[in-house]
Amino acid sequence: MSDASDYDLSMLVRALVMESNRFLEIFSAAHRLHPTDMTALNLIMTTRSPMTPGALAKALNLSASATTSVLDRLERAGHVVRDRDPDDRRRVELRVLDAATALASTFFQPLAREYSSAWARLSDADREVVARFLTTTTEATARVRAAVTSDPAPAHEK
């Protein structure tokens, strides 16, 4: 695809996002998770620092009460707990339980293996181009999302 236009690339990204969403829907349905619950669980799992309910509400663009409902469902399902910060007892931190991590790992490992197999055919130089493409595309998406939601920081940086 050496002549891929911006449109072609955007359609390929869209196809990847759609296929990924369909894959996530299978996991969500199998474990009775609302799509928002799945998004919340993913945000809590992938954040670089302990996530708080307030940070999750902002990342999901939900009210505090709606976020509490999401967390209540995730807690009842055995995926997440709310722990007090040992240094500041007023602060609540969200933690994904090991059982939820194991469940996700079991489901997503076949996809990871298939990705690995597909990417094995790429040269180191090609992998660098793909990594740069995905990074810049994700950053561009986060910038536009932030602009339309008045959210100054991408969720993965919180």
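- The closest donor-acceptor contact from the side chain of H31 to the backbone of L33 lies at 3.5 Å or more, if one exists at all.
- Screening residues 99-108 for salt bridge (Lys or Arg N to Asp or Glu O under 4.0 Å), with sequence neighbours left out, gives no hits.
- Through direct or indirect side-chain contacts shorter than 4.5 Å among Ile, Leu, Val, Met, Phe, Trp and Tyr, Y7 is connected to M11.
- Nearest heavy atom pair, residue A120 against residue R127, reads N-NH1, 4.2 Å.
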Can you give each donor-acceptor pair under 3.5 Å made by side-chain atoms of residues 59-74, sequence neighbours left out, with the distance rounded to 0.1 Å?
from : atom 1 : to  : atom 2 : distance (Å)
S63  : OG     : S65 : OG     : 3.2
S63  : OG     : A66 : N      : 3.1
T67  : OG1    : S63 : O      : 2.9
T68  : OG1    : A64 : O      : 3.0
S69  : OG     : S65 : O      : 3.3
D72  : OD1    : R82 : NH2    : 2.5
R73  : NE     : D37 : OD1    : 3.2
R73  : NE     : D37 : OD2    : 2.9
R73  : NH2    : D37 : OD1    : 2.7

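- Applying the side-chain contact (heavy atoms from CB on, under 4.5 Å) test to D88 and every residue at least two apart in sequence or in another chain returns D85, R90, R91.
- Across V80 and E75, no two heavy atoms sit closer than the pair O-CG, 3.2 Å.
- Rounding to the nearest 0.5 Å places CD of E93 at 10.5 Å from CZ of R84.
- Distance NZ/K58 to OG1/T149: 9.0 Å, rounded to 0.5 Å.
- Legend: side chain to side chain donor-acceptor pair (under 3.5 Å) pairs involving residues 101-112, not counting sequence neighbours: none detected.
- Distance check, rounded to the nearest 0.5 Å: OG1 of T47 to CG of L94 gives 9.5 Å.
- Grouped by direct or indirect side-chain proximity (heavy atoms under 4.5 Å, Ile/Leu/Val/Met/Phe/Trp/Tyr only), L97 sits with V81.
- With sequence neighbours excluded, the residues that form a side-chain contact (heavy atoms from CB on, under 4.5 Å) with A100 are H79, V96.
- Among residue pairs with one or both ends in residues 111-125, those qualifying as side chain to side chain donor-acceptor pair (under 3.5 Å) are S123-D126; sequence neighbours excluded.
- Placement of M45 and V92 in two distinct hydrophobic clusters is found when ILVMFWY residues are connected by side-chain heavy-atom separations under 4.5 Å, directly or transitively.
- Under the side chain to side chain donor-acceptor pair (under 3.5 Å) criterion, T141 pairs with no residue at all, not counting sequence neighbours.
- Within the structure, every pair that satisfies the ring-ring contact (aromatic ring centres under 6.0 Å, His included) test and touches residues 86-114, not counting sequence neighbours, is listed here: F23-F107, F23-F108, F27-F107, F27-F108.
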Please report, to 0.1 Å, the donor-acceptor pairs under 3.5 Å made by any side chain of residues 14-22, with sequence neighbours excluded.
from : atom 1 : to  : atom 2 : distance (Å)
S20  : OG     : L16 : O      : 2.9
N21  : ND2    : V17 : O      : 3.4

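- If you check the side chains of S5 and D8, you find a donor sitting under 3.5 Å from an acceptor.
- Note that CG of L56 and CD1 of I44 are 5.0 Å apart. Values are rounded to the nearest 0.5 Å.
- V130 pairs by the side-chain contact (heavy atoms from CB on, under 4.5 Å) definition with L122, L134, not counting sequence neighbours.
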